[in-house]
*Asks:* 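Quick one: structure below, then a few questions.
None of these values were measured; they are calculated from a predicted model.
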Amino acid sequence: MLTIDAHQHFWKYHPDRHAWIDDTMNVIRQNFMPEELHPILQENNIDGCVRVQVDQTEAETDFMMALAKDNDFIKGVVGWVDLKAANIVDRLAHYK
């Protein structure tokens, strides 16, 4: 049986893109990337994680998919697409 962290965020911190991180959360105003998480998962016998979106953009989804491709401990991705888009079928097929 696998032990999975079901909700993990990664980002390269940018003050404009991550403006939702206000002064009460200043401790997370930094980069959080897979290479920093992986040793912590190993130390705690956690087999992997599910990467969850930070931004509501397809660029974020592309970033997540690239991280998952390069890090086999990322077992799943919860991405974003505009469900109201006229080309939603194409967008979902793209990410399938």
*Asks:* How many angstroms lie between atom CD of E36 and atom CD1 of I40, to the nearest 0.5 angstrom?
*Replies:* 8.0 Å

*Asks:* Test side-chain contact (heavy atoms from CB on, under 4.5 Å) on I4 and V50; report intermediate values, then the result.
*Replies:* CA-CA 7 Å; I4 302 293; V50 175; 4.0 Å; yes

*Asks:* Not counting sequence neighbours, which residues clear ring pair (Phe, Tyr, Trp, His ring centres under 6.0 Å) with F32? List them please.
*Replies:* W11

*Asks:* Give, for atom CG of L67 and atom CD of E35, the distance between the pair rounded to the nearest 0.5 Å.
*Replies:* 8.5 Å

*Asks:* For D62 and Y95, what are the C-alpha separation, side-chain angles and deciding distance, and is it a side-chain contact (heavy atoms from CB on, under 4.5 Å)?
*Replies:* CA-CA 9 Å; D62 294 340; Y95 287 112; 2.6 Å; yes

*Asks:* Any chance you could lay out the salt bridge (charged side-chain N to carboxylate O under 4.0 Å, His left out) test for R29 and D23, step after step, and finish with the verdict?
*Replies:* CA-CA 9 Å; R29 284 182 172 157; D23 290 342; 3.1 Å; yes

*Asks:* Run the side-chain contact (heavy atoms from CB on, under 4.5 Å) test on V54 and H18 for me, step by step, so that the C-alpha distance in whole Å, both residues' side-chain angles and the decisive distance to 0.1 Å come before the verdict.
*Replies:* CA-CA 8 Å; V54 176; H18 300 114; 3.7 Å; yes

*Asks:* With rounding to the nearest 0.5 angstrom, report the CG to NZ distance, N71 to K69.
*Replies:* 12.0 Å

*Asks:* Step by step, work out the side-chain contact (heavy atoms from CB on, under 4.5 Å) result for I28 and Y13.
*Replies:* CA-CA 9 Å; I28 64 172; Y13 178 72; over 6 Å; no

*Asks:* Quick check: do V81 and H94 have side-chain heavy atoms less than 4.5 Å from each other?
*Replies:* no

*Asks:* Using every non-hydrogen atom in the two residues, find where F10 and E60 come nearest and quote the distance to one decimal.
*Replies:* O-OE2, 4.4 Å

*Asks:* If I compare all heavy atoms of D82 with all of I88, which pair ends up nearest, and what's the gap?
*Replies:* O-CD1, 3.3 Å

*Asks:* Distance from L41 atom CG to I74 atom CD1, nearest 0.5 Å?
*Replies:* 9.5 Å

*Asks:* Report whether V52 and W20 are members of the same hydrophobic cluster (ILVMFWY, side-chain heavy atoms less than 4.5 Å apart, transitive linking).
*Replies:* no

*Asks:* Could you tell me if D55 and T57 have a donor-acceptor pair between their side chains, going purely by distance under 3.5 Å?
*Replies:* no

*Asks:* From L2 CG over to N45 CG, what is the distance, rounded to the nearest 0.5 angstrom?
*Replies:* 12.0 Å

*Asks:* Among all residues two or more places apart in sequence or in another chain, which pass the ring pair (Phe, Tyr, Trp, His ring centres under 6.0 Å) test with F73?
*Replies:* H38

*Asks:* Does a side-chain N-to-carboxylate-O contact under 4.0 Å join D5 and R51?
*Replies:* no

*Asks:* Is the side chain of T61 donor-acceptor paired with the backbone N or O of W80 at a distance under 3.5 Å, no angle test?
*Replies:* yes

*Asks:* How far apart are the closest heavy atoms of K12 and R17, and which atoms are they?
*Replies:* O-NH2, 3.0 Å

*Asks:* Is L92 reachable from M64 through a run of I, L, V, M, F, W or Y residues, each pair having side-chain heavy atoms under 4.5 Å apart?
*Replies:* yes

